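For ligands, and for the atoms within them, numbers begin at 1 and follow the listed sequence. Everything numeric in this text was worked out from a predicted model, so none of it was measured.
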Amino acid sequence: MSLLETDGERLFEAVSALLAERGIATPSEIATRRAATDAASPGQGARMVARAWTDASFRARMLADGTAAAEEIGIPMRGLPPLGVLENTAETHHLVVCTLCSCYPRAVLGYPPFWFKSAGYRARAVRDPRGLLAEWGTHLASGVKVRVVDSTADYRWMVLPMRPAGTDGWDAARLAGLLREGDMIGVTVPGV
Ligand SMILES: [Co+2]
């Protein structure tokens, strides 16, 4: 036993060994899933968005099938609910909420932030989305339609925000650095 081993690590090893012994999951399947969980963060969603901003054909594929687009850039999606991508435009702004609990596209955004799970966010996103957005400092022009979309256990959503002005010539890595998790849920919009 390594000195660095914790109770959690020992539990993980014991459960993994049992799953393998009973033929439920192979060690390599468990390792793959663990690596995917460790890699899940808003940085993955940011990579997708930045790629969409710089590659029109990827953008089209991402809007058609978020799961396939995520897998195309190496984000493991196997066994997860389908991922849908909502495109923000000058006419329509999308805001994602799980009204029931905290369904979140974890593979591409990591664990849901505390506010996403709060009763206040869940209720106000539906009742008063513009008021909620204003508290986040997101002021939309009066002509912009706000569309609130419910993430569920069966279907997860992320937002493809509009590329900010002043980023002409930026490469995908630099664009990805602009994005915060809220931009991909629609509470905020990216800016330079
Ligand atoms: Co939920």
Practice problem: Measure the acute angle between the ring planes of Tyr121 and Phe116, then classify it against the limits of 30° and 60° as parallel, tilted or perpendicular. | Solution: tilted
Quiz item: List-wise, which protein N, O or S atoms are found short of 2.8 Å from the Co ion (ligand 1)?
Solution: Cys98 SG, Cys101 SG, Cys103 N, Cys103 SG
Quiz item: So does Arg78 have more than 12 non-hydrogen atoms from other groups sitting under 6.0 Å from CZ?
Solution: no
Quiz item: Does Pro190 have any side-chain contact (heavy atoms from CB on, under 4.5 Å) partners at least two apart in sequence or in another chain, and if so, which?
Solution: Trp53, Pro161, Pro164, Leu179, Asp183
Quiz item: More than 12 non-hydrogen atoms from neighbouring residues, nucleotides or ligands closer than 6.0 Å to OH on Tyr111, yes or no?
Solution: no
Self-check item: Transitive ILVMFWY cluster of Leu19, excluding itself - 4.5 Å side-chain cut-off
Solution: Leu11, Phe12, Val15, Ile24, Ile30
Practice problem: Give me the other members of the hydrophobic cluster that Met162 sits in, counting Ile, Leu, Val, Met, Phe, Trp and Tyr linked by side-chain heavy atoms under 4.5 Å, directly or via other members. | Solution: none
